[in-house]
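Structure first, commentary second.
Note that ligands are numbered from 1 as they come in the structure, with each ligand's atoms numbered from 1 the same way.
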Amino acid sequence: SVEASIPEPQREAWTKNQFDGFKNKDEFEKEVVRHVETTLARSMFNCDDVAAYSATALAFRDRLIKDWNKTQQRQTFTDSKRIYYLSLEFLMGRALDNAMLNVKGKDIAKSALDELGFRIEDIIGQENDAALGNGGLGRLAACFLDSMASLNYPAWGYGLRYRYGIFKQEIIDGYQVEVPDYWLDFNPWEFPRHDVTVDIQFYGHVRKSQDANGKTVANWEGGETVTAVAYDMPIPGYDTPSTNNLRLWSSKAASGEFDFQKFNSGEYESSVADQQRAETISAVLYPNDNLDRGKELRLKQQYFWVAASLYDIVRRFKKSKRAWREFPDQVAIQLNDTHPTLAVVELQRILIDKEGLEWDEAWAIVTATFGYTNHTVLPEALEKWPVGLFQHLLPRHLQIIYDINLFFLQSVEKRFPDDRDMLSRVSIIEESQPKMVRMAYLAIVGSHKVNGVAELHSDLIQTTIFKDFVKIYGADKFTNVTNGITPRRWLHQANPRLSELIASKTGGYDYLKDLTTLNKLEQYVDDKAFRKEWAEIKYANKVRLAKYIKSTLDITVNPAALFDVQVKRIHEYKRQQLNIFGVIYRYLQIKEMSAEERKKQAPRVSIFGGKAAPGYWMAKQIIHLINNVGSVVNKDPDVGDLLKVIFLEDYNVSKAEIIIPASDLSEHISTAGTEASGTSNMKFVLNGGLIIGTCDGANIEITREIGQENIFLFGTLSEDVEDLRHNHTYGKHAVDSGLQKVFDAITSGKFGDANDFGALVSAVRDHGDYYLVSDDFQSYIDTQKMVDEEYKNQEEWVSKCIRSVARMGFFSSDRCINEYAEEIWNIEPLAV
Ligand code: PLP
């Protein structure tokens, strides 16, 4: 047992003094006051909301860390297989509410804070989002951590502790302005582990030498060293003591790097330059979503993080004194996209250069250890690095990549001797100018399983970008794991009243542990009282969002109007331009209507939110157009309540928690075949909103689960996209009259300087319309008309919402994690 490892007399001293955490309101109150007075050095006379938040968070942190310790001890002593989830992004959002709900301490906290003179909602609102991610990929990683802990899997997340997460977005004169995110000002959730450090090497050269047995060994020498310091964040599971770890690495200058000589001779500034250079590695999150920019610092980040994580993983494995061949029985590593692919090379390097294993033995271990999740087929997002950059930054790794490629191509040649083209097509090295390392190919070759994130997406990767690899390895290596979301945060936390109503009908909160239990709701679809309660909750959530809109934008919206929401990263493939063109079309129609006709119209609030990558000019134009349309429409007396156009600043996780429960209709309208899965689509439906969407990503499976009568699908199918693109002649192509009217309004300067938006119009009209906006415009407008009609029948609308929620069980990230565990990781939950 755990205790038996400590000698008797000490054991007693330790066990009798165990910190027990709080068990009731009084004990919690005491903890809060203690933290205010000692940890924070404040007092009851100057305890503001921030201090009360801090003390509350610290009290819960103490509580979590107790469970965390026990969980880690159990994992060590049972020597169970662990899953390591490597992700460059973890979009965690706020931690306090989630922690309180997962450990079932929120009621205690609420009444204690009340007695101390604080409202729990205000306290929760003090926390900065941990925004260490761009969008879907990072939020998926966060949902996975919640599920892995909730299902008692021994799991660690590994990432980077960026000093600045995703920038804060301000809208000034309709334009996006980026402001740094000082999220670390106070972060009670992290534990710096100044004793857990790893020195990471960069640059230098490789020298070959012979060992005692005459074997050639590679020595990576010289270059510079940067130190990685671990920061741990406890990840509580829901209704279980399992508390896993998210370990984030921070960079600092290696000890000894500080140049005292320079310092003494008065060159203060240059003496700290090395230190600053080292700290730069983990300073910022790259703000691109679905775009690869190939910057050296990014590759440095990747290696720094991967090397530190593998060092840690290997160190933990070596403590068990097992043979190396057992490594894959103890360790599964999942690559969240290609960003951590260097881990494949680094593990091979450790095994052959440091541990003296033969190549083949090492390579068998490596490939049995890794799984790779692909997140996109967009060519601009597929990671490639110039060979020259590798040679400079990671010379030994480049040699190993060449060897991996050589052996791989030899095996391909043996199997396909007559297909010379195949070799250049699948080579990890692209023979371009300059030569590039194709990271996705390296990830495939280095993993035993490759998965896509929704059925359509997994089919597409197997039939397009990776089809040669399916021929080479067979279809078994490729699989699908449709994404999921945690119902704890995305229903229970974000929509407490709906969660309570559901619990009252499905037999308590167990549905949060088995989301398929939601199907019990279906029997209440015809229950008028239930429908009424359901509708009241939606209305209250809309009132809350309307208040938020009033307080941030000073625009009054009518909560009885249909709230039509599109919140996600701004991207041409996600087609916010299609949405805003549709809004303009609606506006022009309203303007042409008689007063009588206007009375028959269903009022709408079009709500947008999302960040554009700072260097993505077209996306920024889209934001500008939305804001300009808003400023015209929102004050047009002809329009009144019939249409409001809102752009919510700085969309992030905590705002998503307010916006999503308030939606009647949300838009998931990517060009077919471009959105790998989408996860906000699942969140909106789970919160009782309907969706308008294309046949893309997980929309297809959502339709299958909830029934096509409960979703508004429109537009081109993915199998037709290529032909349509081909047919768009690269000159002007036909745009139908409705869309033409929209373009005329824009180019007439109705929404501000026409020149500003010329590129948005001509991308569709003159430059091939790559995203098929013109092809899908009419069916989008027609489908929106159906939405207007159906929304008028509220009884039927609410029934559709209830039915949809009842059928959403499949989309829990718990289902998803169980699939990974069974099919890819071969790992069991640890009984508690
Ligand atoms: N950004 C944030 C802040 C989110 O919370 C989410 C999902 O909830 C996303 C991006 C992903 O949205 P989508 O799946 O619509 O791209």
Of the listed options K683, R489, E675, closest to atom 7 (C) of ligand 1 (non-hydrogen atoms):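 When every heavy atom of K683, R489, E675 is considered, K683 comes closest to atom 7 (C) of ligand 1.
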
Closest to atom 6 (C) of ligand 1 among W490, F684, Y651 (heavy-atom distance):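 Result: the heavy atom closest to atom 6 (C) of ligand 1 is in Y651.
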
Identity and separation of the nearest protein heavy atom to atom 13 (P) of ligand 1: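 Closest protein heavy atom to atom 13 (P) of ligand 1: S680 OG, 3.6 Å.
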
Heavy-atom nearest neighbour in the protein, as seen from atom 9 (C) of ligand 1, with distance rounded to 0.1 Å: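 Answer for atom 9 (C) of ligand 1: G136 N, 4.0 Å.
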
Close-contact set for ligand 1 against [X] heavy atoms, below 4.0 Å:
| X | value |
| --- | --- |
| G135 | 1 (N), 10 (C) |
| T679 | 14 (O) |
| G678 | 14 (O) |

Is it true that [X] and [Y] have a side-chain N and a carboxylate O under 4.0 angstrom from each other?
| X | Y | answer |
| --- | --- | --- |
| K655 | D129 | no |
| R604 | D788 | yes |
| R704 | E455 | yes |
| R139 | E657 | no |

H668-ligand 1 polar pair, N/O distance under 3.5 Å: no

Location of contacts on K655 toward ligand 1, heavy atoms closer than 4.0 Å: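 Looking at K655 and ligand 1, no heavy atom falls under 4.0 Å.
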
Residue portion contacting ligand 1 (non-hydrogen atoms closer than 4.0 Å) for N652: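 The answer is the backbone.
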
Flag side-chain contact, heavy atom, 4.5 Å: L456 against D696: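 L456 vs D696: side chains touch.
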
Parallel, tilted or perpendicular, as decided by the 30° and 60° cut-offs, for the rings of W156 and Y158: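 Rings of Y158 and W156: parallel, under 30°.
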
Aromatic ring pairing Y585/F777, orientation class (parallel under 30°, perpendicular over 60°, tilted between):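 Ring orientation of Y585 relative to F777: perpendicular.
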
Ring-ring centroid check Y820 F144, cutoff 6.0 Å: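 Aromatic pair counts; centres sit under 6.0 Å.
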
Ligand 1 contacted by K574 (non-hydrogen, < 4.0 Å): yes

